[in-house]
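These notes are about the structure you will find just below.
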Amino acid sequence: MAASEDRMAKGAGRRCCPGISRRSFLVDTGMGFTGLALGAMLLRDGVARAAPLGGLAAAGPAAAPPPEPRARSVIWIFLCGGVSHLESFDPKPALNRYAGKSIDETPYKGALDPKKLQENLFDVNPAHGGRKVIFPLQAGFKKYGQSGLEISDWFSEVAECADELAIVRSLWTVHNDHGTQLTWHTGRHPREGPFPTIGSWVSYGLGTLNGNLPEYVVLGEPTGDCCGGAWTHGAGYLGPEYSGVRLKVDPANPLPFISPAGGSVPLEEQAAQFSLLGKLNQLAGIDYPDDQALRARIKSYELAFNMQAAVPETVAIDRESEATRKLYGLDRDPTRSFGQLCLAARRLVERGVRFVQLFHGGGGGGAWDAHSGIKKNHGELAAQVDRPIAGLLKDLKARGLLESTVMVCGTEFGRTPGAEGDGRDHHPHGFSAWLAGGGIRGGMTHGATDELGFHAIEDRHYVTDIHATVLKLLGLDPRSLEIPGRKRLDMDKGEPIEEIIA
């Protein structure tokens, strides 16, 4: 009897029909495919992720309602290499007063306290830091707008939009080398490897507004492999379907990687091929629902075909008026390249893309890495981006899109107050970024560094506070963006910077 019961117990754990799964049976009976399709659409559009799993909510306190969305899209501009906060959005006249003196000889020698220098940093590169001889400002600055924000002459055209900007002057990060380009996008120390980027969290949390375009688009040359590479626009454990999709802004040949070779495949035949591939992958997906690579492949087949028509139209910036093209600097050699990216970014959010990530100066450690000749380096690079970014701000506002689009402009760290020859070294202790649009309170600064621009001393913010602010403006709670088995750490989540939210 006991042996018989034991055999029955073992048999109860086995499927009665080992050749067919429950999901396959539901499909064959005509029930499952509709449910699967509906579930996929709800998941894609963020609806399924808005509700807790059945039974879990009752075990704990009632979940707080999500924040009211103030925006629907993000344009995330990243200047690779470490822009000097001192000659951009946090000018410090004290550097001119004490130029040529060691910091030890000034009233600010406390900035070199070893305990303060090691605060929040770990696994650092010892080759960076220790620059004590104060280097004067390499660009002038003045007050702009009714708000009177002090901004460097190198960014005089962005400064014309001062009353739209919220400048955060009290950022800090965890590392002193260019791997913090990855940290800016993921919140993690670069040694920890790939984690979901802010763009992938937005894609995961909200889904698409336009089924013919990716939710998350990457423009420009990204960070070099030395400093994060594809991880700076990847999705980490969320899976490849939430990674950024790189597009090339080339009006003559915008999407060569999914165009039929030589036009040899008729459109009708290609549509049939994509349809068949999609059906085969969806059927496979029924039996392998947790295969992230498979889900991403299914999505890529469907999206790739739709993109062939949508993307060329989206990047057809030659259709814009001459006035608009001049606004972005497309009539000038220095500004044309980045101006095209900024204009394409506007066209993308206009068509419902959730997150557009623009890189400038990518590859290697980044073009903005001015260890020497900072006046020439930053002067030339600022001249490439100043008009296009200002044009984007003005164009979004004129079209009524700025109120629904959050703009963020940042970099991985600042530059040292102390000299490195005629340049500045890496500086993780205090630096700046700015935000605009989409519920941001314009015409203000928040936080502060000390008088030399060395340490963030007032309303200090780790970079994920920027993330949390953006997520809140989109109607997402960063503390609810979790998947089973992958709880985010407090530092990853960040806290919204309430003071800059209107």
Query raised in the report: Tell me, which pairs form a salt bridge (charged side-chain N to carboxylate O under 4.0 Å, His left out) where one or both residues lie in residues 159-183, sequence neighbours left out?
Result: Asp90-Arg169, Glu160-Lys394, Glu164-Lys397
Query raised in the report: When the aromatic ring centroids of Phe359 and His185 are compared, is their separation below 6.0 Å?
Result: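 Yes, ring centres under 6.0 Å apart.
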Requested in this report: Give me the ring orientation class for Trp76 and His467: parallel if the planes are under 30° apart, tilted from 30 to 60°, perpendicular past 60°.
Outcome: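 Rings of Trp76 and His467: perpendicular, as their planes differ by over 60°.
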Requested in this report: Check the angle between the aromatic planes of His85 and His427 and answer parallel, tilted or perpendicular using the 30° and 60° thresholds.
Outcome: parallel
Report task. Ignoring hydrogens and angles, state whether a donor on the side chain of His426 or Asp369 is under 3.5 Å from an acceptor on the partner side chain. Result ->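 Their side chains do contain a donor-acceptor pair, which is all the 3.5 Å distance test asks for.
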Query raised in the report: Can you find a side-chain donor-acceptor pair between Gln384 and His360 that sits under 3.5 Å?
Result: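 Note: Gln384 and His360 side chains meet the donor-acceptor criterion.
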Query - Partners meeting side-chain contact (heavy atoms from CB on, under 4.5 Å) with Ala162 (sequence neighbours left out) - result: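 Residues passing side-chain contact (heavy atoms from CB on, under 4.5 Å) with Ala162: Tyr144, Ser147, Leu149, Ile151.
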Report yes if some heavy atom in the side chain of [X] is under 4.5 Å from a heavy atom in the side chain of [Y]; otherwise report no.
X: Leu206; Y: Phe355; result: no
X: Arg346; Y: Thr324; result: yes
X: Arg246; Y: Glu221; result: yes
X: Leu473; Y: Val74; result: no

Query - With Ile389, the side chain to side chain contact (heavy atoms under 4.5 Å, CB included) member among Phe155, Phe338, Tyr328 - result: Phe338
Query raised in the report: Which heavy atom in Glu215 sits nearest to a heavy atom in Ser203, and how many Å separate them?
Result: OE2-OG, 3.3 Å
Query - Crowding at CD, Glu498 (>12 non-hydrogen neighbours, <6.0 Å) - result: yes
**Report entry** Glu403 atom CD: more than 12 heavy-atom contacts under 6.0 Å
**Finding:** no
